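The block underneath contains the structure these notes are about, expressed in structure tokens.
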Amino acid sequence: MKESKWKQYITIYGFVFCLVSVMVIMIISPKKAISSAERRRLAEKPKLTVKNLMDKSFMDDTEKYLLDHFPFRDGLRRIKASFAYDILQQKENNDIYVVDGHASKLEYPLNEASVKRLSDKMKGLRQQYFPEQTVWYAIVPDKNYFLAQQNGFPSMDYKRIIDLLSQALSADDVPDAAFQYMDIMSELSIDDYYYTDTHWRQERILGVACHVADALGVVGLLSFSTDSQETFTENKIKNFYGVYYGQAALPMEPDTMVYLTSEVTDAARVWSLEENMQSGKKTTTVMLPDEQGAVWKMVYQTEKLEDGKSLDKYDIFVGGASSLQVIRSPKASSQKRLILFRDSYTSSLAPLLLEAYREIVLIDLRYIDSTRIGTYVDFAEADILFLYNTSIVNHSEMLK
Amino acid sequence: MLFSSITFLYLFLPLTIIFYFFVPQKGKNLVLLVMSLLFYAWGEPVYVLLMLAQIVISYVLLWFVDRFRERRAAGIFYILSVLLPFAALFYFKYFHFFMDTIFGIRTKTIALPIGISFYTFQIVSYCVDVYCGRVKRQKNLVTYAAYVTLFPQLVAGPIVRYSEIEQTLTKGIDFSKFHKSFGQGLVRFVVGLGKKVLIANVIGEFVAEVAALSQRNLTLSWAYAIAVSLQIYFDFSGYSDMAIGLGGIFGFSFPENFRYPFISQSVTEFWRRWHITLGAWFRDYVYIPMGGNRVCMPRWILNIFVVWLFTGLWHGAGWNFIVWGLLFAVLLVMEKGVGRLFGNRKNSGSAMDSKSVLKKDLAKALIGIVKHGYVIFIILISFLIFHNDSLSNAVADIQALFAQGSHIAHNLGSVEHAVYAYVMRNRMIILCVGLLGSTPLPLWIWTKLQERLQTVRIGNKIIYVLTSAMVLCVMVLCTAYLIDGSFNPFLYFRF
């Protein structure tokens with residue numbers, strides 16, 4: 001009886017002690033602004049106002065804040081991932097699965113309406129800005145293209161994507177040969193991608209660069225070939241944990257990121273719209289590339305590796321996500337210009353084409369409305385290429 | 001505020017426990033009231049005033065009932081005390097549906113206050129019980145308000161009657177039983193949390209994955225139907241377990257709300273095991289006052305239909321809920337009819353030899369399997385109706401169980417095959433856990449293990465360590481799941 005009482009006391013006080021301890025640690029522990037594991041900004045402490053109290057946003061934001069700053073958050077996320085994988089035998093955690101050390105995000109089923117939306121967008125842009133020019137397009141496969149089917153994971157029907165796009169872009173309302181497909185999928189294998197990230201490795205896509213250059217008729221201007229990369233110096237960044245590492249919350253070995261430099265890339269400079277915007281009280285002014293005082297940066301922006309400058313080490317490639325960028329290459333072998341409608345994959349591809357193009361314009365329609373780009377970009381006599389990853393093709397609603 | 005939220009688990013709960021146990025007996029109800037109002041206001045900062053108004057109005061009306069007892073005025077105040085909460089419930093929950101769907105008059109959608117169906121029923125049951133003299137009117141407004149707002153059961157039940165917790169509210173915690181009740185409450189709360197976060201939410205992800213597919217195959221259609229039922233069961237019974245557990249932690253004894261409903265062998269039995277407090281409420285406050293089964297057959301059938309129409313409507317203002325309720329009315333009437341038909345033949349046999357007894361046992365077992373299969377089938381169908389927002393979707397889901405309708409894929413390509421196979425394989429274990437967890441098997445195993453352990457000298461210590469380890473593991477896992485995930489809806493909050 002006495003022993004039973006003691007057990008009850010231990011239960012009550014032990015439980016209350018645990019709850020109160022967690023509460024105190026949660027309140028007094030130092031708060032981080034960024035989660036390096038998840039590569040995102042953590043929620044800030046919500047401000048208490050009558051408005052956000054009444055519309056319940058204060059309560060929602062408080063829960064998000066507590067979740068983001070919970071003690072031992074990363075460890076708990078790993079526990080959850082291990083439980084889901086090992087006990088519940090789930091094949092994925094937060095839609096990320098790991099095969100042969102490669103993490104990949106499930107992307108299925110194919111959204112055919114999205115493919116149509118993309119083709120309509122491409123046709124509309126051509127009609128508006130470059131109606132007489134031949135437009136090239138290529139699709140970068142995600143890692144599921146190489147991993148999913150043979151390992152029992154669902155994926156999109158990649159052949160169907162290409163079929164749908166080519167059907168839509170060769171329809172009756174489009175002039176003959178207005179759009180040309182460039183098959184780069186066959187140039188790639190799973191080894192060309194990082195283990196912990198969604199992106200391809202720059203040092204492994206020389207073949208893709210050559211293929212693109214060949215299709216655009218500038219391959220003769222490149223000093224490297226698929227097999228040789230003597231032109232470039234390899235620069236290594238160790239301990240690169242990609243975007244899937246944080247999402248999967250599973251123990252994974254880090255990647256080594258390699259970026260390729262040469263005299264050409266060292267001489268080239270990048271102008272980006274965001275870096276050259278100056279917001280006034282009422283208006284926002286932009287310092288255009290040719291204006292005095294415009295900000296130009298290096299192609300590889302290693303300063304992004306410093307703590308807190310960027311959430312993603314992949315941002316060293318031309319500075320990461322930006323709506324509009326112009327890369328000028330004074331040591332290019334031609335005066336040609338290339339306009340690339342792109343996503344983040346192109347950030348590491350574009351530097352490889354700087355030998356062939358004096359100017360490469362990168363347009364990311366996820367961040368800029370397509371009706372605005374005419375203000376900044378001259379399309380005349382430029383090579384035009386749409387280069388999108390399959391995830392963008394399947395979620396083209398992101399394109400403005 | 002959700003029980004399965006970090007705000008509740010690691011901020012609200014420890015603070016409430018500290019305040020509740022550090023204030024003297026006299027102030028405990030006030031602490032409960034204040035914390036319960038905070039709990040409710042966290043999710044309904046505006047409608048908390050509506051709830052308070054309803055509490056004050058019913059309190060005043062019952063004061064008049066007491067004041068004018070034995071006079072006609074008492075009846076008027078009593079009717080008002082019952083009608084006003086129902087009027088508020090009707091306005092917020094059904095007005096738009098009736099105007100829009102039945103009368104064809106377009107009206108604006110009205111936001112439904114969380115838990116209004118639950119606290120309305122509690123207020124009404126209290127008013128009826130006071131008027132009928134089953135309980136004494138609570139003269140202390142704080143105590144009465146603490147009863148209605150008591151946060152463990154405020155937003156999703158179980159529907160607790162005043163008589164069931166009057167003792168603790170008025171006389172305080174019985175400390176001779178409290179330590180045991182706290183420990184049992186804690187285990188029950190954590191079990192409920194685990195049911196909700198580790199089972200219902202994960203099965204809910206499977207349900208969402210299948211629903212997101214434009215089509216599915218036959219296997220996936222059945223798995224989907226099973227998963228929907230399991231999700232609803234673990235979500236709601238998990239919440240009830242948490243509520244009962246919290247009640248125990250704070251010294252209250254709440255009624256059971258679920259008793260393994262999926263092992264039932266008839267729909268009648270199912271409703272004795274599913275949402276028991278709601279069934280009991282309708283039985284005591286609607287069915288029996290209407291005459292129950294002590295009336296002629298047509299009237300009895302009418303009573304059944306009225307009760308089940310209300311039961312359906314209680315769950316939501318939509319045709320699917322009406323159909324859902326009436327489906328059970330039809331089945332209950334049919335079961336009663338079949339029961340009467342076969343019940344008469346029950347004792348017609350004479351003395352039997354052992355062979356006949358064996359045959360009879362075998363037949364009984366077979367009938368049991370058939371009955372169980374029938375109930376499971378009905379449950380799957382009924383929860384597909386319950387789960388869907390529209391009747392047409394529910395019909396499509398039901399048709400898919402028979403390889404018919406728009407949800408079934410007929411010409412499957414390799415991509416579809418891969419998707420369907422993957423979705424099933426990915427959640428196979430949790431579906432099995434759900435199926436086993438919905439039966440008494442885990443409890444039976446645990447009880448047997450306890451019995452075995454109690455025969456050895458340190459058996460009780462081992463049981464204590466095992467229980468504590470289980471509580472700790474489930475708490476850590478639930479916290480991990482909450483931190484990593486965003487899928488955490490409570491299905492019964494909409495009622």
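Labels below follow one simple rule: chain letters A, B, ... track the order of the sequence lines, proteins then strands, and each chain is numbered from 1. As the structure is a prediction and not an experimental result, all values here were calculated from the model.
- A distance of 8.5 Å separates CD1 in I12(A) from OG in S181(B), rounded to the nearest 0.5 Å.
- Heavy atoms closer than 4.5 Å to chain B are found in the backbone of I87(A), but not in its side chain.
- Of the atoms belonging to L477(B), it is side-chain heavy atoms, and not backbone ones, that fall under 4.5 Å from chain A.
- Contact check for I6(B) versus E63(A): side-chain heavy atoms found under the 4.5 Å cut-off.
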F70(A) and L482(B): CA distance, side-chain angles, deciding distance, side chain to side chain contact (heavy atoms under 4.5 Å, CB included) verdict:
CA-CA 11 Å; F70(A) 197 83; L482(B) 291 176; over 6 Å; no

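- Only the side chain of N94(A) comes within contact range of chain B, with heavy atoms under 4.5 Å apart.
- Within the 3.5 Å criterion, the main-chain N or O of Q90(A) finds no donor-acceptor partner in the side chain of N426(B).
- Residue pairs meeting the salt bridge (Lys or Arg N to Asp or Glu O under 4.0 Å) criterion with at least one partner in residues 93-110 of chain A, sequence neighbours excluded, do not occur; the list is empty.
- Contacts of I17(B) with chain A are made by side-chain atoms alone, with heavy-atom separations under 4.5 Å and no backbone atom involved.
- Heavy-atom distances place no part of Y65(A) under 4.5 Å from chain B, backbone and side chain included.
- Using a 4.5 Å cut-off between heavy atoms, M26(A) contacts chain B through its side chain alone, with no backbone atom that close.
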Residues M475(B), L19(A); criterion side chain to side chain contact (heavy atoms under 4.5 Å, CB included); working and verdict:
CA-CA 10 Å; M475(B) 271 304 273; L19(A) 281 188; 4.2 Å; yes

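- Contact of L88(A) with chain B is made through backbone and side chain together, with heavy-atom distances under 4.5 Å.
- In this structure, Y422(B) and Y108(A) have perpendicular ring planes: the angle between them is above 60°, well past the 30° mark.
- Heavy atoms closer than 4.5 Å to chain B are found in the side chain of V16(A), but not in its backbone.
- Heavy-atom distances place both the backbone and the side chain of V419(B) under 4.5 Å from chain A.
- Proximity to chain B involves both the backbone and the side chain of A84(A), based on heavy atoms less than 4.5 angstrom apart.
- No more than 12 heavy atoms of other residues, nucleotides or ligands lie within 6.0 Å of CZ in F72(A), so this atom counts as exposed by the packing criterion.
- Using a cutoff of 4.0 Å between basic side-chain nitrogens and carboxylate oxygens, R427(B) and E92(A) are scored as salt-bridged.
- Distance check, rounded to the nearest 0.5 Å: CG of L2(B) to CE of M59(A) gives 13.0 Å.
- Residue D68(A): no heavy atom, backbone or side chain, is found under 4.5 Å from chain B.
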